[in-house]
Amino acid sequence: MLFSFMKLLPFLLLLLVLLFNYAFSESGVGVGYQLMVAVPVEYEMDFKGRAFLVENNQTAPNFRVALSIEAINGKYSCSLEVFLGNVKVWDSGHYSRFYITEKCLLELTMDGDLRLKGPKERVGWKTGTSGQGVKRLQIQRSGNLVLVDALKNIKWQSFNFPTDVMLWGQQLDIATRLTSPQSNSSLFYYSFEIEDKKVAMYLNYGKLRYSYWGFQPSMNRSITYVKLSSRGLVLFDVKYKKIAQIPSEGIHPLRFLALKNDTGNFGLYYYSPEKGNFEASFQALNSTCDLPISCRPYGVCTFSNSCYCIQLLTNENRGGADCSGDISGGFCNGKEAEMLELDNISSVLKNVTKMVNISKKECADLCLQDCKCAAALYFGNASTDTAECYLYRLVLGLKQVDKGTGFSYMIKVPKGTGKNHDKHSVKRWVLVVAGGVDGFIILLLVGGFGYWLVRRRSHTLHSQTSTR
């Protein structure tokens with residue numbers, strides 16, 4: 001019987017550990033804690049596996065901490081995540097994915113370092129808090145994931161490593177930012193940044209960086225930090241004085257600010273008990289065409305919120321699946337180029353060098369002379385004597401604008417493809433149709449006149465016969 005008990009002892013100890021962790025999950029977990037999640041042998045697209053280890057006891061939706069396995073780009077990624085309800089608000093793998101096989105282990109070591117490990121003890125992520133007296137991992141009511149010592153002093157916190165969500169009560173200092181995940185499948189990513197004179201959103205592509213939305217305090221006042229309150233995003237100066245606010249338009253208290261990873265928009269969100277989910281009470285951009293990637297590169301967003309590709313005539317084909325056709329190769333290899341002008345088209349991308357008192361031709365020539373230039377936006381208004389030129393290295397964020405606004409967008413294209421043959425074809429088609437219509441009308445007139453003559457002659461003959 002003693003032998004049987006000894007065989008069961010490891011399983012009983014494991015059960016006690018699990019019960020201990022569950023019983024104290026609301027107050028966190030202590031040093032020596034370990035949690036392992038197995039990885040599927042075969043790759044399963046859209047697979048997501050989570051083991052929750054810590055939660056707080058506030059009214060739902062509450063915060064929970066999970067060790068997660070997720071299928072991404074043909075591999076499995078392991079990360080530590082924080083959820084508010086079913087919304088992920090923090091991720092240890094946001095900037096750098098930890099790809100693993102077989103298993104992923106989370107451990108809070110005896111010397112106070114929180115780590116994610118794969119097979120063969122490979123460490124993929126850690127807090128770097130060894131030897132700092134860390135005793136517990138906890139989730140605060142604000143959603144801040146913290147490591148604390150015996151006196152509850154914070155030694156590490158997730159609020160210092162913002163991802164794409166800013167929680168209620170969280171503070172972001174100047175020169176910090178929220179970013180969308182930077183994946184291998186997309187060259188673009190978005191960022192929400194706190195600057196000296198404004199908060200702004202940017203589209204990032206390699207070393208290129210274009211702004212597409214901004215908010216500035218009045219009187220050109222400087223920002224020191226921002227904080228999310230129940231009623232909006234509040235901007236403060238160096239004296240901790242409120243200088244501006246992006247207000248919430250709802251009646252419910254805000255829970256978080258989020259940068260949408262699919263569109264680049266950002267919004268302020270509250271929890272709706274009636275609907276049982278989170279709703280936006282404010283969004284920075286409310287028009288589809290104001291989003292930076294509402295259409296593909298070399299695509300134009302129209303008044304009807306639809307997209308069309310800029311068409312070119314080439315020796316091979318017209319346009320391409322990604323709208324770029326033969327243009328995407330660039331012009332720094334000696335390829336000759338010309339500028340294709342599109343009237344009443346503008347770009348939502350800003351933060352580019354502006355040149356003033358310049359003609360449209362001079363603006364186009366500046367782009368032609370720079371092999372890295374992809375397009376030029378010209379704005380001219382004779383009534384205000386305005387002439388501005390902007391040069392771009394991306395053809396993106398294009399949208400249709402009203403006639404007479406003075407915008408003209410010029411795209412660099414291979415020489416010989418920028419002639420608007422389509423426009424001439426349309427004119428020819430209109431002329432042919434117009435000629436056909438004119439001929440048809442003339443035919444009707446001639447036929448009608450002939451019919452009238454026949455009828456008149458018949459009537460005359462009939463009258464003469466009656467007289468006789």
Side-chain angles (χ1 to χ4, degrees), residues 70 72-73 77 79 81-82 84 87-97 158-159 161-167 170 172-216 223 226 228 233 235 246 254 256-269 278 280-301 305 307 322-323 346-352 374-375 390 392-399:
E70 185 174 356
I72 298 177
N73 300 326
S77 171
S79 62
E81 299 174 341
V82 177
L84 174 58
V87 176
K88 182 167 65 175
V89 296
W90 187 82
D91 183 352
S92 68
H94 183 78
Y95 289 100
S96 179
R97 292 283 179 186
S158 61
F159 273 14
F161 302 90
T163 54
D164 55 355
V165 173
M166 180 182 184
L167 292 168
Q170 187 172 0
L172 295 180
D173 297 332
I174 188 174
T176 57
R177 61 181 188 167
L178 304 177
T179 66
S180 63
Q182 301 170 35
S183 64
N184 296 330
S185 59
S186 175
L187 299 175
F188 301 99
Y189 72 93
Y190 310 105
S191 58
F192 175 82
E193 307 188 16
I194 296 89
E195 301 177 354
D196 179 44
K197 301 294 183 181
K198 65 179 179 180
V199 291
M201 290 193 293
Y202 289 89
L203 174 72
N204 301 270
Y205 177 75
K207 294 182 179 180
L208 300 179
R209 185 167 168 269
Y210 294 102
S211 172
Y212 57 94
W213 178 89
F215 176 82
Q216 291 179 278
I223 304 168
V226 301
L228 188 63
L233 182 67
L235 285 62
I246 300 174
L254 293 176
F256 60 86
L257 177 158
L259 178 61
K260 286 189 175 181
N261 298 327
D262 54 342
T263 65
N265 206 350
F266 97 85
L268 305 177
Y269 293 85
F278 292 96
S281 61
F282 168 87
Q283 290 195 102
L285 301 170
N286 294 308
S287 171
T288 299
C289 288
D290 288 332
L291 297 170
I293 310 187
S294 56
C295 298
R296 295 171 292 182
Y298 291 87
V300 179
C301 190
N305 291 329
C307 296
D322 61 352
C323 283
S346 184
S347 174
V348 303
L349 302 183
K350 307 176 183 67
N351 195 43
V352 293
Y390 305 85
Y392 294 88
R393 294 190 177 184
L394 285 177
V395 181
L396 195 65
L398 305 190
K399 69 172 186 175

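Predicted, not measured: the structure shown is a model, and the values here were computed from it.
At a threshold of 4.5 Å between non-hydrogen side-chain atoms, the residues Leu203 and Leu396 count as touching. Within the 4.5 Å cutoff, the side chain of Tyr205 has no heavy atoms near those of the Tyr210 side chain. Side-chain atoms of Cys289 and Val348, non-hydrogen and from C-beta on, never get closer than 4.5 Å to each other. Using a 4.5 Å cut-off on side-chain heavy atoms (C-beta onward), Glu193 and Arg209 make contact. Taking the side chain as every heavy atom from C-beta outward, Tyr212 and Asp290 never approach each other to under 4.5 Å. At least one side-chain heavy atom of Leu394 sits less than 4.5 Å from a side-chain heavy atom of Phe188. Between Trp213 and Phe192 the shortest side-chain heavy-atom distance falls below 4.5 Å.
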Worksheet item: After noting the C-alpha distance and the side-chain angles of Val199 and Val226, does the key distance pass the side chain to side chain contact (heavy atoms under 4.5 Å, CB included) rule?
Response: CA-CA 9 Å; Val199 291; Val226 301; 4.1 Å; yes
Practice prompt. Would you check, one step at a time, whether the test side chain to side chain contact (heavy atoms under 4.5 Å, CB included) holds for Leu167 with Val89?
Written response: CA-CA 8 Å; Leu167 292 168; Val89 296; 3.9 Å; yes
Discussion item. For Phe256 and Leu84: C-alpha separation, side-chain torsions, deciding distance, then whether side chain to side chain contact (heavy atoms under 4.5 Å, CB included) applies.
Written reply: CA-CA 9 Å; Phe256 60 86; Leu84 174 58; 4.0 Å; yes
Worksheet entry | Trace of the side-chain hydrogen bond (donor to acceptor under 3.5 Å, both in side chains) decision for Ser180 with Asp164 | CA-CA 6 Å; Ser180 63; Asp164 55 355; over 6 Å; no
Worksheet item: Going through the distances and angles, do Asp91 and Arg97 end up as a salt bridge (Lys or Arg N to Asp or Glu O under 4.0 Å)?
Response: CA-CA 10 Å; Asp91 183 352; Arg97 292 283 179 186; 3.7 Å; yes
Worksheet entry | Step-by-step side chain to side chain contact (heavy atoms under 4.5 Å, CB included) determination, Gln283 to Leu285 | CA-CA 6 Å; Gln283 290 195 102; Leu285 301 170; over 6 Å; no
Fill in: Derivation of the salt bridge (Lys or Arg N to Asp or Glu O under 4.0 Å) call for Arg177 and Glu195
CA-CA 9 Å; Arg177 61 181 188 167; Glu195 301 177 354; over 6 Å; no
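Residues Ala258 and Tyr269 come closest through the heavy atom pair CB-CE1, 3.9 Å.
A disulfide bridge does not connect Cys295 to Cys301: their SG atoms sit 2.5 Å or farther from one another.
Put simply, the residue from Tyr95, Tyr189, Tyr190 that forms a side chain to side chain donor-acceptor pair (under 3.5 Å) with Thr179 is Tyr95.
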